[in-house]
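Just so we're on the same page: letters track the sequence lines, and every chain starts at 1. Bear in mind the structure is a predicted one, so any value in this text is a computation, not a measurement.
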Amino acid sequence: MKIQVKIIGPLMYAAGFSEKDVEVPAGTTVEGLIASIGLPPERPRIVTRNGCAVAPDALLAEGDKVAVSPIYSGG
Amino acid sequence: MYGWTGHILRINLTTKTFKNESFSEDFAHKWVGGRGFAVKILFDELKPGIDPLGPENKLIVALGPIAGIPAPNTGKAVVAAKSPLTGFYGDGNIGTRVAEHLRKAGYDALIVEGKAERPTLLYIEDDKVEFLPADEVWGQGTYVCNDWIYAKYGKGVGVLNIGQGGENMARYAVIRSLEGRAGGRPGMGAVMGSKLLKAIVVKGTKTIPQADPAAMKALGTGDLKKVGQIDKQTGWSIQSTTGVLPFCNEVAGLPVRNFRKTQHPLAWQVDGERCNDARVATYGCPTCTMRCGITILDKEGHESELDYENVALLGPNLEIFELAQVGSLNYLCDDYGLDTMSAGCTLSFYADAIDHGATDGDFRFGDAEQAKILLRWAAHREGKIGNLLADGSRRMARVFGHGSEDYAMQVKGLEVAAYNCKFIPGQALAFGVAAIGAHHREAWIITFEIKHTTRESYGPEKAAKVIELQRIRGGMFEVLVSCRFPWIENGWPLENYPKYFNLATGLNWTLDDMWKTADRIYSMIKLHFLREFPNATREDDYPPRVWFDPANADTEGPIAGKILDLEKYDTLLQHYYDQRGYDRRGIPTKATLQALGLDAEAASVSRVARLD
C-alpha cells in the first residue's frame, strides 16, 4: 500500500528526503514505516497520521499521510 | 556579594543627570535579575494610571547574575516599562552586547526616567554617562542608526536603538540591537521614542564579579562548546525556528488568513527547508553556539533575518506565500522597529475587518505590496489608517465595532504569537494566562499536548504543564537572563543553570529556588495588572473569541468541525487558578502573596483594588 511520508525539520537531512510516497506491505505499523525510512531511532520525535498523533504500533492504511517531526518547543 | 555588581544606573533625561545606586543582597536574592528586577522596580516607582507614553514612565534594562559571562547562552537583556499597548507591565528579552557591556560597566540594571529635550543618544562607558544629540539619525530606520553608531564607536559596543515606529510611538514598536535582534513586543520601543531616546550605547571594561571565576569559565566555556556540538548532531539550527512551520501546518495549528484557517497547501513555500535554501547569512546573539537567525535576500535585495513567528504571521497569516515578499515585510518591520508579530496580526485583522464589512478599505489578503505601504503608514502614523494600525488590533477593533473585537487576535492587548489554537486548548490557555499578553515565550505546549495528552482534553494536566513551563521559560530564563533555546530545542539539561548561578553568586540554589522566584514574579505581574485594572475579571484571561465560534470551525482536515468550547476552557482556566493559588478573577490570593513574601506589595495594591 502507498503511504505519503513527510519528514519535518532537520530530520529530513537524516532521512535524505522531505516528502515522498513510500510503498509498504499491508499490516505495516507506524514503527515499521519509520524503521524502513532509516531515521535514527534515538532521536525524539512526534509522529502524526493525517494530522493527528499516532502510536508506534498503529496499523497503517492505504493513502495515510504520515508526518515525522522533531519535538519542537515553539521558539 | 558575588554574581551581582550591586549597582543600578539611574539616568534622568529631563535633567541630564545620573546616579549610581546600590541595592541590597536581600533585593538581589528576592528578585535575582532581569524580569525580576524590572517587575519590582516598576511596581515601586510607577504610580498606577500614568501615561505609558509620558515622561513619568520608566524604561528598565535589566540583566541577571550570569548575563555576559561566557556560558549557554547569556548574551541577553530584559527591557521593560509600562506598556503603551496593554496598559500594564510589559517586557521582552533581546540578544545584545549590552548584556556584557553594562555588567562590565558596573551595573546590573539601568533605569531611564523623564524625557529628553531633543533626540538623544545615551552613551555609557564605565562610570561616565553622556547625553549626545541624535538629530542626525532621528527619522532613520534601525539599520542606518546602527551603522551610524558603529561608525562612531566601533562594532564591539552594546547598542539598543529604535526606528521610526518607536519615534512615532507605534504601540508595538520594539527595541533593536545587533542588526537583527528585537525585544520588548508590548511597545518598549515606543517608550524609548516617547522619551526622544534614539539609542543607548554601552561600553564596559571592568570585571564582572563572580564567586568562582575560574570554575565558571571552565564550566561555562566548556558547556558552550557542548551545546554547539549537540546542535550539530540534532541539526536544529539548519532550519532553526522556521522548521516548526510544516509541523503547525500538518496538525492544523498554523495561522492562515487572520487565524481563520489552520492549514494551507502553499505553506511549504515559506517553510524551514525553503528558508534554509534561501539563506545568505546566519546571525546570532553573543555567547551563542546555535545561532538561529536565518538571513535571506528579500524582494528588494535587503538582507532580512527570519524566524518562525515573523514568517508565519507576515506570510500565511496574510496569505502571502512568496518567501522574498515575506522577507520584505520582515525587513521593513525590523528597519522601522515594529514587532513583526503584532504587525502581522494587526494587518491581518485589518484585512479581515474589511472582508467582514466592519470597515471600508482596499487591503486584501495576499497583497504584499499594499502590506508594505501599510507598514510604512503604521510606523510613521501616516494618515487615519496609519494611526489606527499603529495602535494595534484591539484599539482598531474598538473603533471598527461590528463584532470585530471577536477576531482581533490578541489577549490583554498583545497580539497572539503564531500558533492557531482553534482546537489546541492547552496552548490557548498558555496564551490566555501569559503574564504580559499573548506571548509564546512563556509556555508552548503544543507538541506535549498532541503527543502526550488527548487534544480534546481540558484537564488539569494541561494547566500543570503551562505552569511548569512558565516557571522555566517565563521565570528562570528571564531572571538569569539567558536564552531558553539550548534547553527547549536541543535538550540541554535544566540542572546546569543553577550550577552557573551558584558559581557566579556563591549561593547554593536549586531549581526549586528558581521556581519560587518565578512564582513571585508571575504574582507581581498580576498585581501590576490589578493595580491598573481594579475591575479585572477572569475573562481577561480568555483567548480571542473567534476560537470559540462554531461558524469558524475548519471544514476539512484533522480538526474539521471542532472548535474550542468556552465552558470547558473556563474549567481549564480554573484548574490553572487553583494550581497557582489565584482567586476566581485570576488574581493571587492574600495567602499566596504572603507565601511568596509579597505582603508589602499586597498591602500596597489593597489600597486601590480588592484582594481575597
Considering only heavy atoms, which portion of [X] lies under 4.5 Å from any heavy atom of chain A: side chain, backbone, both, or neither?
X: B:Thr447; value: both
X: B:Gln263; value: neither
X: B:Tyr419; value: side chain
X: B:Ile450; value: both
X: B:Asn276; value: side chain
X: B:Phe247; value: both
X: B:Ser240; value: backbone

Report task. Please round to the nearest 0.5 Å and tell me the distance separating atom CD of B:Glu250 and atom NZ of A:Lys6. Result -> 6.5 Å
Query - Verdict with reasoning, A:Ile71 to B:Lys451, per side-chain contact (heavy atoms from CB on, under 4.5 Å) - result: CA-CA 9 Å; A:Ile71 305 291; B:Lys451 182 168 182 172; 4.1 Å; yes
Query raised in the report: Under a 4.5 Å heavy-atom cut-off, does chain B meet the side chain of A:Tyr72, its backbone, both or neither?
Result: both
Report task. Check whether the side chains of B:Gln239 and A:Tyr13 place a donor and an acceptor atom closer than 3.5 Å, and report yes or no. Result -> yes
Query raised in the report: Among B:Arg441, B:His440, B:Gln427, who wins on heavy-atom pairs under 4.5 Å with chain A?
Result: B:His440
Report summary line: If you tally heavy-atom pairs under 4.5 Å between each of B:Pro246, B:Ala418, B:Gly272 and chain A, the highest tally belongs to B:Pro246
Report task. Could you tell me whether the side chain of B:Arg473 reaches within less than 4.5 Å of the side chain of A:Ser73, counting heavy atoms only? Result -> yes
Report summary line: Residues B:Gly243 and A:Ile8: closest non-hydrogen pair is O-CG2, 3.5 Å
Requested in this report: Step through the shown structure and confirm whether more than 12 heavy atoms of other residues, nucleotides or ligands are within 6.0 Å of CD on B:Glu556.
Outcome: no
Query - Contacts of residues 46-60 of chain A with chain B (heavy atom under 4.5 Å) - result: A:Ile46, A:Thr48, A:Asn50, A:Gly51, A:Cys52, A:Ala53
